Amino acid sequence: MHPAVSVIFFTVMSGAGFGMIFLLGLGFPVDGGAGKVFLVSLTGGGLAVAGLLASTFHLGHPERAWRALSQWRTSWLSREGIAAIMTLMLFGLYALIWMTSGTRSSLLGWTAALGAAATVFTTSMIYAQLKTVPQWNSPLTPAVYSGFALGSGWLLASAFGNHGYAEVWGMVLVALAWSAKWLWWVRAGRARLADSGSSPETATGLGLIGKVRLLERPHTGENYLTREMVHRIGRKHARTLRMLALLLGALVPLVILALIALSGAPALFILAAALSMSVGLLAERWLFFAEAEHAVSLYYGHR
Amino acid sequence: MTRLPATTEKRLGLVIDLDTCVGCHACAVSCKEWNTSAGASPLSDVDAYGADVSGAWLNRIHTFEVTPEGAPAQIVHFPKSCLHCDDAPCVTVCPTGASYKRPEDGIVLVDEDLCIGCGLCAWACPYGAREMDPVENVMKKCTLCVDRIYSETLAEEDRIPACVRTCPSSARHFGDFNDPDSNVSQLVADRGGIDLMPEMGTRPVNKYLPPRPKTRSQPAPAPALDPTPAPKADGFLGWLDAALDRLG
C-alpha cells in the first residue's frame with residue numbers, strides 16, 4: 001500500500017493526542033494553575049486536532065469532509081469521525097471547567113476518556129476490517145494502535161503532569177505496546193498475501209486449468225491501482241526502518257525513562273522520550289502501509 | 001445509504017466468456033468513450049499524449065498465461081470491471097453514503113457529489129474495480145451503463161452496456177441473474193460460470209466462463225511399414241523410377 005504522509009502523521013499524532021485525552025480524562029494528576037491546565041489540554045487536544053486536520057489532506061474533496069459523519073451504521077471511517085469530534089467537544093468542555101473552576105468533573109472526564117479509546121479503536125478498525133490486506137486484517141491491529149496511543153499519550157502526560165511513578169509506568173506501557181507490535185510483526189510475516197488463500201489462480205478463476213502467470217498488464221504506464229495498492233517502492237528500506245523504529249520508538253524512550261527514574265531529573269525530560277517515540281512511530285507507521293500487500297496485486301503479477 | 005439491501009429485485013450483471021475473448025481491448029475503449037462523454041463528469045486522463053500517460057478506466061484487460069500440468073501453456077485474455085457484488089465491501093466502508101447498491105437492480109454506483117475521495121472503497125475492493133479520477137478527485141467505477149440500459153431515446157439494440165454492445169467476439173453478455181431463464185443465467189448454468197476470489201466473501205454478481213477444454217493432439221503412432229512391395233510401375237513412371245534408382 002502507498003504510505004501517504006498525511007495519514008502517517010495523522011495516526012501517530014492523533015494517537016498520542018487521544019492517548020493523552022484518555023489519561024487526563026481518567027484523572028492523570030496535573031498540579032498547577034489554569035496556565036498549566038491550558039498547556040496540558042492544548043497539547044492533548046491540539047495533537048488530536050492537528051492529526052485530524054492532516055488526515056483531510058489526503059482527501060480528494062476536503063471541503064466535503066463533514067459528509068463523512070453520516071454513515072456510522074456501516075462505516076468505521078464514519079464512526080471514527082463522529083467519535084473524534086464528540087471526544088474533542090467533551091474534552092474541550094472538561095478542560096474549560098478545569099481551567100476556570102479548578103475542579104475536574106469525573107463524569108465528563110470519564111466520558112471523554114471512553115470517547116478517546118473509541119476513537120483510537122475506530123481508527124484501527126478502518127485498517128483491521130480490510131480482508132483485502134491480510135496483514136492488517138487482525139485483532140492485533142487495534143491492540144497495536146491502542147497500545148501506542150496509550151504509551152505515547154502517557155509519556156506526554158507524564159512530561160507535564162505529576163504522577164509519582166510516571167517513569168516506571170511509562171516503561172511498562174512502552175514495553176507493552178512494542179510487545180503487541182512485535183506479535184503483530186510475527187503474525188504479519190506469516191499472514192502475507194501468499195498465505196491468505198488468495199492467489200492469481202483464485203483471482204482469475206483459472207486455477208482449475210493450471211498455474212496462472214501475468215503475461216501482459218492492461219496498461220503500459222502506472223495507474224491509480226498500481227500507485228495506491230501495488231505500491232512497492234516504500235519497502236526498499238524496510239530493514240533499516242524497522243531498526244530505526246525499534247531504536248527511537250522503544251529503546252531510546254526506555255533508556256531516557258530509566259535515567260530519569262534513577263537520577264531524579266525533572267519529569268519534563270520525559271518530553272525527550274515522547275519525541276523520540278513519536279519519530280520511531282512515524283517509521284513504524286510508514287512500514288505498516290508500505291509493507292502491506294493488497295489483493296489487487298494478484299492481478300498485476302505479484303503473489 | 002451504505003447498508004446493503006438484503007436482496008435486490010433484479011441482479012443485473014455481466015457474463016464474460018474467457019473462451020471467446022480475443023483481448024482486443026475494444027470493450028475498454030468503448031467503455032472509456034461512453035463514460036467520458038456521458039454521466040456526471042468526464043473520465044479523465046493526465047498527460048494523455050505525453051510520456052507518462054495515466055488515467056481512470058472502468059474496464060481493464062489483463063492477459064494471463066495458464067500452464068496446465070504436462071501440457072503447453074495457453075493464453076487467456078481477462079477483462080476486469082466491477083462485479084457488482086451482492087456483499088459489496090466497497091459500499092459498507094464508504095463514510096459519506098456516496099457508494100450505494102440499488103435495491104431495484106443491484107447496480108453499485110457512486111454519487112460523485114457526495115464522494116470525498118478518501119479512497120477507502122478502492123482499498124476494500126479485492127478486484128481493483130474502482131479508480132480515483134485524477135482530475136475530478138472522486139471515485140469512478142463501472143455503472144453497468146445505467147444511462148444506456150434504461151434509456152428511452154437510444155435504439156432498442158443499444159440499451160445494453162457499451163462494452164457488451166461493442167464486443168466483436170460476443171464474449172460479453174448482459175442480463176438479470178435473478179431470472180433463471182435469462183441469457184446470462186443460462187450461460188452460467190451451461191458453461192459452469194465462476195466467481196472471482198470467492199474466498200473474499202463478496203459474492204460477485206458478474207460471472208466468468210472458463211475457457212473450454214483444449215482438444216490436444218495426441219502424438220500419432222508411427223505408421224507400420226507396409227510389408228507388401230509396391231506394385232511395379234510401368235510407362236513414364238516406370239522409367240522415372242528406374243532413372244532415380246540409378247542415381248542412387
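So you know, we letter chains A, B, ... as the sequences are listed, proteins then strands, and number each from 1. The shown structure was predicted, so the numbers you read here are calculated from the model rather than taken from an experiment.
Contact of B/Pro126 with chain A is made through backbone and side chain together, with heavy-atom distances under 4.5 Å. Residue contact with chain A, scored on non-hydrogen atoms closer than 4.5 Å, is absent for B/Lys214. Interface residue A/Ala203: backbone and side-chain heavy atoms are both found under 4.5 Å from chain B. Neither the backbone nor the side chain of A/Glu80 comes within less than 4.5 Å of any heavy atom of chain B. Contact annotation for A/Leu225: only side-chain heavy atoms (C-beta onward) come within less than 4.5 Å of a heavy atom of chain B. Only the side chain of A/His294 comes within contact range of chain B, with heavy atoms under 4.5 Å apart. Contacts of A/Gln129 with chain B are made by side-chain atoms alone, with heavy-atom separations under 4.5 Å and no backbone atom involved. Using a 4.5 Å cut-off between heavy atoms, A/Leu59 touches chain B through backbone and side chain atoms alike. Heavy atoms closer than 4.5 Å to chain A are found in the side chain of B/His25, but not in its backbone. Looking at A/Arg79, neither its backbone nor its side chain comes within 4.5 Å of chain B, counting heavy atoms on both sides. Both the backbone and the side chain of B/Leu196 come within contact range of chain A, with heavy atoms under 4.5 Å apart. If you measure heavy-atom distances from B/Ile75 to chain A, the contacts under 4.5 Å come from the side chain alone.
Comparing B/Gly117, B/Pro79, B/Gly23 by heavy-atom pairs within less than 4.5 Å of chain A, the highest count is held by B/Gly117. Your options are B/Glu136, B/Arg3, B/His62, and the one with the most heavy-atom pairs under 4.5 Å with chain A is B/His62. Ranked by non-hydrogen atom pairs under 4.5 Å with chain A, the options B/Ala56, B/Ala51, B/Ala71, B/Cys125 are led by B/Cys125. Residue with the most contacts toward chain A among B/Leu120, B/Val91, B/Leu4, B/Leu18: B/Leu120 (heavy-atom pairs, distance under 4.5 Å). Ranked by heavy-atom pairs under 4.5 Å with chain B, the list A/Val133, A/Val296, A/Thr132 is led by A/Thr132. Interface remark: of the candidates B/Thr67, B/Val46, B/Asp52, B/Val76, B/Thr67 forms the most heavy-atom pairs closer than 4.5 Å to chain A.
Expressed to the nearest 0.5 Å, how far CD of A/Glu216 lies from NE2 of B/His77 amounts to 8.0 Å. To the nearest 0.5 Å, atom SG of residue B/Cys115 and atom CZ of residue A/Arg64 are 7.0 Å apart. With rounding to the nearest 0.5 angstrom, the CE atom of A/Met229 is 11.0 Å from the CZ atom of B/Arg130. Rounding to the nearest 0.5 Å places CD1 of A/Ile209 at 12.0 Å from CZ of B/Arg212. Interatomic distance, CD of B/Glu65 versus CG of A/Leu206, reported as 12.0 Å (0.5 Å rounding). We find the OG1-CZ distance between B/Thr96 and A/Arg67 to be 7.5 Å, quoted to the nearest 0.5 Å.
Residues B/Pro95 and A/Ser70 share a closest heavy-atom pair of O-OG, 3.6 Å. Shortest non-hydrogen contact noted between B/Ile116 and A/Ala68 is CD1-CB, 4.1 Å. Considering all non-hydrogen atoms of both residues, A/Leu208 and B/Pro210 come closest at CD1-CB, 4.4 Å. In plain terms, the two heavy atoms of A/Leu77 and B/Cys118 that are nearest each other are CD2-SG, 3.7 Å.
Under a 3.5 Å cut-off, the side chain of A/His61 and the backbone N or O of B/Leu114 do not form any donor-acceptor pair.
Between A/Tyr127 and B/Trp123, the two ring planes are tilted [angle within 30° to 60°].
When side chains are defined from C-beta on, B/Ser54 counts as touching A/Arg227, because their heavy atoms get closer than 4.5 Å. Put simply, the side chain of B/Phe64 does not reach to within 4.5 Å of the side chain of A/Leu215, judged on heavy atoms.
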Test log, rule side chain to side chain contact (heavy atoms under 4.5 Å, CB included), inputs A/Val212 and B/Phe78: CA-CA 12 Å; A/Val212 177; B/Phe78 190 90; over 6 Å; no
Criterion side-chain hydrogen bond (donor to acceptor under 3.5 Å, both in side chains) on B/Thr2 and A/Thr74, from CA distance to verdict: CA-CA 7 Å; B/Thr2 52; A/Thr74 66; 2.6 Å; yes
Test side chain to side chain contact (heavy atoms under 4.5 Å, CB included) applied to B/Met139 and A/Tyr224, step by step: CA-CA 10 Å; B/Met139 201 53 79; A/Tyr224 174 72; 3.8 Å; yes
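The environment of CE in A/Met86 is sparse: at most 12 heavy-atom neighbours from other residues, nucleotides or ligands sit within 6.0 Å. Atom CZ of A/Phe289 has more than 12 heavy atoms from other residues, nucleotides or ligands within 6.0 Å. Within 6.0 Å of CD in A/Glu63 there are more than 12 heavy atoms belonging to other residues, nucleotides or ligands. The 12-atom threshold is not exceeded at NE2 of A/His237, counting heavy atoms of other residues, nucleotides or ligands nearer than 6.0 Å.
Contacts classified as side chain to side chain donor-acceptor pair (under 3.5 Å) and involving residues 190-206 of chain B (residues at least two apart or in different chains) are given here: A/Ser198-B/Glu199, A/Thr202-B/Glu199, B/Asp17-B/Arg191, B/Asp87-B/Arg203, B/Tyr127-B/Thr202, B/Asp195-B/Lys207.
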